[in-house]
Amino acid sequence: MEDSTQLFQIQRSVSGNLVRILSIDGGGVRGIIPGVILEFLESQLQKLDGEDARIADYFDVIAGTSTGGLVTAMLTAPNEKNRPIFAAKDIKDFYIGHCPKIFPQKKNLLSRALKLVKVFSGPTYNGKYLRSLLKEKLGETKLHETLTDVVIPTFDIRSLQPVIFSSSEVKNNPSMDASLSDICIGTSAAPTYLPAHYFETKDSWGNKRKFNLIDGGVAANNPTLIAINQVTKEITKERTDFFPLNPKENGRFLVLSLGTGSPKAEKKYDAKIAAKWGVMGWLVQGGSSPIFDVFNRASGDMVDYHISTVFQALHSQENYLRIQDDSLTEIMSSVDIATKKNLHQLVKVGEKLLKKPVSRVNLETGIYEPSNQGTNEEALIRYDINSKY
């Protein structure tokens with residue numbers, strides 16, 4: 001490399017051996033933010049390889065949790081021509097068009113009060129529109145049919161264990177070869193928001209496997225580490241579809257991790273107020289849920305911190321880019337406020353995020369700080385990866 005401090009300036013002689021990973025966080029309607037980032041990245045790749053270039057052509061693994069799992073499926077599920085059913089530029093309009101029906105908004109005080117009461121009796125939304133939409137868009141496409149390897153975390157509430165749907169695992173465990181629609185419904189089933197999802201798979205010998213799934217965000221809202229883990233397992237097995245990895249060699253992983261935004265670090269919560277909360281206090285405060293805010297923020301930041309440390313130790317920190325906004329307002333940080341106004345504001349968040357400097361999280365303050373590596377847009381323009389098709 002001419003300048004090892006330049007983010008994502010990877011040697012072309014090395015890039016052929018890279019494992020290229022794209023990771024997309026969970027976050028409900030905020031999935032529109034990484035959608036904007038991916039639209040820009042795909043447009044840059046199309047300048048190099050033509051208008052038919054798609055995100056799936058450039059990554060060995062795409063991982064996504066919850067809404068990120070949905071984006072993952074959109075980018076990798078094949079159409080009748082064996083190309084992705086969605087281009088990255090379609091994601092924004094998909095969210096704007098469908099989120100108001102997935103999360104129908106109540107417009108009067110009585111309806112909002114009934115929404116609060118419903119928390120005690122069942123999920124806020126029945127999930128029927130989301131289920132029918134995913135069945136329509138993804139059809140009967142199975143996990144093994146994706147155009148590149150995918151990793152989508154979920155959580156099984158019967159076994160109280162994470163369930164990771166991974167293309168590489170299907171090769172050894174056919175019972176994991178579920179339909180993408182079922183996987184997406186499962187990983188999106190955020191507790192209190194959408195109902196848990198039950199389905200079964202059957203392998204070629206007729207053996208059934210039962211799944212009782214909720215949102216993968218309870219285990220890994222930021223799925224980057226899980227994606228790296230899945231790749232490492234394949235490398236360890238010395239399979240022919242992954243190159244053998246010498247621990248002394250660095251720069252072999254190229255990781256793009258996209259967050260869905262988080263509230264300002266100095267949000268309304270503080271210990272004096274939280275000390276008085278019971279179960280409902282932790283579940284509902286204004287338009288959000290403190291317990292989910294805490295879990296999701298901690299998960300994303302700790303994964304970011306860990307990976308940053310590992311890549312720095314391997315002297316390959318230029319191979320890791322995390323794009324995240326930690327300055328969302330209370331309304332924008334919600335997972336289910338699907339008004340046209342808020343959705344368009346989230347689009348603007350994504351557009352502004354491209355112009356912001358590349359940043360790293362400071363765990364002492366919880367704030368993302370500029371790392372003197374240019375803007376996120378510039379980093380993506382420097383994104384030097386070889387086409388797979």
Side-chain angles (χ1 to χ4, degrees), residues 7-8 21-48 51 53-59 62-76 84-100 102-103 137 188 221-224 255-263 296 300 304 321-329 331-359 368 374-383 385:
L7 192 65
F8 281 24
I21 297 173
L22 168 62
S23 176
I24 309 166
D25 286 12
V29 298
R30 303 198 312 269
I32 203 168
I33 296 174
V36 172
I37 306 298
L38 290 170
E39 178 180 0
F40 174 80
L41 175 58
E42 192 170 83
S43 71
Q44 297 304 305
L45 296 171
Q46 288 171 345
K47 290 179 181 179
L48 298 173
E51 63 180 14
R54 295 290 182 267
I55 292 293
D57 300 322
Y58 296 84
F59 289 92
I62 301 180
T65 297
S66 192
T67 196
L70 174 55
V71 173
T72 296
M74 293 169 68
L75 296 173
T76 62
I85 58 174
F86 286 90
K89 65 181 178 61
D90 300 324
I91 296 172
K92 176 175 63 181
D93 290 339
F94 178 90
Y95 273 77
I96 291 174
H98 294 291
C99 281
I102 297 171
F103 303 110
K137 299 297 183 182
S188 302
N221 198 58
N222 178 344
T224 308
V255 177
L256 174 59
S257 176
L258 302 181
T260 57
S262 61
N296 291 342
D304 181 26
L321 175 60
R322 170 75 169 168
I323 299 181
Q324 172 71 314
D325 189 299
D326 65 346
S327 61
L328 300 187
T329 65
I331 290 177
M332 287 191 292
S333 66
S334 170
V335 301
D336 67 332
I337 296 182
T339 61
K340 293 290 186 181
K341 179 180 179 180
N342 188 48
L343 293 172
H344 285 289
Q345 286 180 328
L346 291 172
V347 170
K348 292 180 180 178
V349 168
E351 293 170 347
K352 291 179 180 178
L353 188 53
L354 285 167
K355 306 296 183 182
K356 289 185 177 181
V358 174
S359 302
Y368 276 79
T375 66
N376 291 313
E377 185 176 74
E378 291 169 341
L380 290 171
I381 291 174
R382 293 195 300 268
Y383 203 85
I385 48 182

Does a sphere of radius 6.0 Å around CD1 in Ile331 hold more than 12 heavy atoms from other residues, nucleotides or ligands, not counting ones at 6.0 Å or beyond?
no
Which is it for Met74 and Asp90 under the side-chain contact (heavy atoms from CB on, under 4.5 Å) test, yes or no, and what are the steps along the way?
CA-CA 9 Å; Met74 293 169 68; Asp90 300 324; 5.7 Å; no
Heavy atoms, side chains only, cut-off 4.5 Å: are Ile381 and Phe40 in contact?
yes
In short, Thr67 meets Ser188 closest at the heavy-atom pair N-OG, 4.4 Å
Any non-hydrogen side-chain atom of Ile32 less than 4.5 Å from a side-chain atom of Val347?
yes
Any Val29 side-chain heavy atom under 4.5 Å of Ser334 side chain
no
Please report the shortest heavy-atom distance between Ile62 and Ala56, naming the atom on each side.
CD1-CA, 4.2 Å
So how far is it from Thr375 OG1 to Ile323 CD1, rounded to the nearest 0.5 Å?
9.0 Å
With a 4.5 Å cut-off on side-chain heavy atoms, are Pro100 and Leu343 touching?
yes
Under a 4.5 Å cut-off applied to non-hydrogen side-chain atoms, are Val349 and Val36 in contact?
no
Would you mind reporting whether Phe59 and Leu75 have side-chain heavy atoms less than 4.5 Å apart?
no
Just do the side-chain contact (heavy atoms from CB on, under 4.5 Å) check on Phe94 and Val71 with the steps written out, would you?
CA-CA 10 Å; Phe94 178 90; Val71 173; over 6 Å; no
Closest non-hydrogen atoms of Pro357 and Asn376, given as atom of the first, atom of the second and distance, are O-ND2, 4.0 Å
Taking atom OG1 of Thr76 and atom CG of Asp57, what is their separation to the nearest 0.5 Å?
11.5 Å
Using a strict cut-off of less than 4.0 Å between a Lys/Arg side-chain nitrogen and an Asp/Glu carboxylate oxygen, indicate whether Asp25 and Arg322 qualify as a salt bridge.
yes
OG of Ser359 to CD of Gln324: how many Å apart, nearest 0.5 Å?
10.5 Å
Once you round to the nearest 0.5 Å, how far does CZ of Phe86 lie from CG of Leu38?
14.0 Å
Considering non-hydrogen atoms only, spot the tightest contact between Ile96 and His344 and give its length.
CD1-CE1, 3.8 Å
Taking the side chain as every heavy atom from C-beta outward, state whether Ile33 and Asp325 have any atom pair closer than 4.5 Å.
no
Heavy atoms from other residues, nucleotides or ligands near NZ of Lys89 exceed 12 (cutoff 6.0 Å):
no
Nearest heavy-atom pair of Leu346 and Met332: which atoms, and what distance?
CD2-O, 3.7 Å
Between Thr260 and Gly26, is there a donor-acceptor pair closer than 3.5 Å when you use the side chain of the first and the backbone of the second?
yes
What side-chain hydrogen bond (donor to acceptor under 3.5 Å, both in side chains) pairs are there with at least one residue in residues 38-47, not counting sequence neighbours?
none
Note, Thr329 side chain near Gln345 side chain (heavy atom, < 4.5 Å):
no
On a heavy-atom basis, the closest approach of Arg54 and Ala87 is NE-CB, 3.5 Å
Distance (rounded to the nearest 0.5 Å) between Leu22 CG and Leu258 CG:
5.5 Å
Yes or no on side-chain contact (heavy atoms from CB on, under 4.5 Å) for Ile37 and Leu380, after CA distance, side-chain angles and deciding distance?
CA-CA 9 Å; Ile37 306 298; Leu380 290 171; 3.8 Å; yes
CG (Asn221) and CD1 (Ile24) are apart, to the nearest 0.5 Å, by 12.5 Å
Can you check side-chain contact (heavy atoms from CB on, under 4.5 Å) on Lys352 and Ser327, steps first, answer last?
CA-CA 12 Å; Lys352 291 179 180 178; Ser327 61; over 6 Å; no
